[in-house]
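When a residue number appears, it is its place in the shown sequence, counting from 1.
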Amino acid sequence: MQITNVSVRVRNARAAGEFYAGVLGLDIARRPNGVVVTLGTTRLELVEDPAAAGDHHLAITIPSNKFNEAKTWLQQRTVLLGTPEADEFECSPAWNAHSLYFAGPERSVWEFIIRRDLDNSTAGPFSSADLLGISEVGVVVADVPAVVATLTDDARIAPYGEAQGGTFAPVGDTDGMLILVAPGRTWFPTADCTAEESPVNITALGGRPGTYPLGALGALHVLLQESPG
């Protein structure tokens, strides 16, 4: 599925917007209740909510031929996140991907990822134009298996890869996926950025078109639209 719109709650939308504009060089538009960021093929809405809980995780797909350039570009702008052993990571063989992580606003954990199964190479030096779109959204739900079952059976969004369990389960495909996790889980590769339930609205192309309120009190709201053509 292709993620076209993501709406998340942030504690300070103005400060978060300044990060995306000033650090990542993205276009932003201020709204009465927050900020809208244009990130490749995805529209990211930051809704102001001083009581927002938890730390977000999102991943951006970049051209598969520009990983090293992207890393250098990013190191000049913000802090990379890693372990004592590494600051870039090869994903499991089923993912056929390679990624790095960096610190975003409000303790959010962002990721640049190349997916070798996608034909998305670009020419020229790396720039913010090579931030192709959001391809992963971390979503916290109290009952991960139940949400996976609903997305699989009703929305026709299948589990992705072999990492499926009671506290962590990706669903979707190489174009876009939801990373479903249980409350209290920390976002890799940090030890202190924690996932907590917070409303997330996602619009995507693919699956069975419809509206799917999921999680406690509909904390995850997915709108699936039919792909053009």
Side-chain angles (χ1 to χ4, degrees), residues 1-61 77-79 101-112 128-129 131-142 147 150-151 155 157 172 176-181 183-185 187 190 192-207 209-225:
M1 66 179 180
Q2 180 184 342
I3 299 170
T4 58
N5 195 91
V6 178
S7 176
V8 298
R9 304 290 179 93
V10 295
R11 293 172 280 277
N12 187 328
R14 177 174 291 275
E18 289 173 356
F19 175 90
Y20 297 112
V23 176
L24 298 184
L26 299 169
D27 292 333
I28 68 169
R30 301 199 182 277
R31 299 285 188 264
N33 67 333
V35 171
V36 175
V37 183
T38 300
L39 204 166
T41 57
T42 310
R43 182 175 182 265
L44 173 64
E45 298 179 350
L46 309 173
V47 180
E48 180 99 21
D49 179 1
D55 309 314
H56 295 297
H57 166 64
L58 300 99
I60 302 169
T61 293
R77 289 163 172 79
T78 189
V79 178
Y101 297 82
F102 61 97
E106 300 191 1
R107 295 167 46 85
S108 57
V109 177
W110 280 83
E111 180 181 0
F112 278 2
S128 57
L131 306 183
L132 302 180
I134 293 175
S135 59
E136 292 180 20
V137 181
V139 182
V140 183
V141 292
V147 173
T150 298
L151 288 171
I157 301 176
M177 66 184 76
L178 309 181
I179 308 298
L180 304 173
V181 301
R185 187 183 176 96
W187 293 118
T190 76
D192 60 351
C193 292
T194 306
E196 299 295 345
E197 287 187 276
S198 180
V200 178
N201 293 336
I202 296 169
T203 303
L205 304 177
T211 300
Y212 303 90
L214 301 162
L217 303 177
L220 168 60
H221 189 276
V222 180
L223 171 63
L224 296 179
Q225 299 175 327

Problem - Flag side-chain contact, heavy atom, 4.5 Å: Val8 against Leu46 - result: yes
Practice task
Side-chain contact test, heavy atoms from C-beta onward, threshold under 4.5 Å: evaluate it for Val137 versus Val200 and give yes or no.
Solution key: yes
Exercise for the section: Check whether any side-chain heavy atom of Leu180 lies under 4.5 Å from a side-chain heavy atom of Leu151, and answer yes or no. Expected result: yes
Handout entry: Audit row: Val139, Val147, side chain to side chain contact (heavy atoms under 4.5 Å, CB included) steps and yes/no
Key = CA-CA 11 Å; Val139 182; Val147 173; over 6 Å; no
Handout entry: Exercise: identify the closest heavy-atom pair between Glu111 and Phe102
Key = N-CE2, 4.0 Å
Completion exercise
In terms of heavy-atom contacts, Ile3 and Gly176 come closest through CD1-CA, 4.1 Å
Fill in the blank from the handout: When rounded to the nearest 0.5 Å, the distance separating CD of Glu48 from CG of Asn33 is 8.5 Å
Practice task
Kindly compute the distance separating CD1 (Ile60) from OG1 (Thr42), expressed to the nearest 0.5 Å.
Solution key: 9.0 Å
Handout entry: Heavy-atom closest contact (Arg11 atom, Gly54 atom, distance)
Key = NH1-O, 3.3 Å
Practice task
May I ask you to check whether over 12 heavy atoms, not counting those of Arg77, lie within 6.0 Å of atom CZ?
Solution key: yes
Exercise for the section: Could you check Val10 against Val35 for side chain to side chain contact (heavy atoms under 4.5 Å, CB included), going step by step and ending with a plain yes or no? Expected result: CA-CA 10 Å; Val10 295; Val35 171; over 6 Å; no
Practice task
For Thr78 and Ala103, indicate whether the former's side chain and the latter's backbone hold a donor-acceptor pair under 3.5 Å.
Solution key: yes
Practice task
Applying side-chain contact (heavy atoms from CB on, under 4.5 Å) between Val6 and each of Val37, Leu58, Asn201, report the one that passes.
Solution key: Leu58
Problem - Approximate separation, where rounding is to 0.5 Å, of Glu45 CD and Thr203 OG1 - result: 8.0 Å
Exercise for the section: Keeping the roles fixed (side chain from His56, backbone from Arg9), state whether a donor-acceptor pair exists under 3.5 Å. Expected result: yes
Practice task
Give a yes or no answer on whether the side chain of Thr38 reaches the backbone of Leu26 with a donor-acceptor pair at less than 3.5 Å.
Solution key: no
Problem - Closest non-hydrogen atom pair, Ala53 against Ser198 - result: O-CB, 3.7 Å
Practice task
Starting at CG of Leu178, measure out to CE of Met1 and round the result to the nearest 0.5 Å.
Solution key: 4.0 Å
Practice task
Please say which of Tyr101, Phe19, Tyr20 ends up in a ring-ring contact (aromatic ring centres under 6.0 Å, His included) with Trp110.
Solution key: Tyr20
Fill in the blank from the handout: CG (Leu214) and OG1 (Thr150) are apart, to the nearest 0.5 Å, by 6.0 Å
Practice task
Could you tell me whether a side-chain N or O of Glu197 sits under 3.5 Å from a main-chain N or O of Pro183, the two making a donor and an acceptor?
Solution key: no
Practice task
Check whether any side-chain heavy atom of Glu196 sits under 4.5 Å from a side-chain heavy atom of Val140, and report yes or no.
Solution key: no
Problem - Pairwise distance CG(Asn5) to CD1(Ile202) - rounded to 0.5 angstrom - result: 9.5 Å
Exercise for the section: Might you point out which heavy atoms bring Gly34 and Ala13 nearest each other, and give the distance in Å? Expected result: CA-CB, 3.7 Å
Practice task
Would you mind reporting whether Arg30 and Arg14 have side-chain heavy atoms less than 4.5 Å apart?
Solution key: yes
Practice task
Indicate the atoms forming the closest heavy-atom contact of Ser128 with Leu24, along with that distance.
Solution key: CB-O, 3.1 Å
Practice task
Show the numbers, then the answer: is there a side chain to side chain contact (heavy atoms under 4.5 Å, CB included) between Leu131 and Phe112?
Solution key: CA-CA 8 Å; Leu131 306 183; Phe112 278 2; 3.4 Å; yes
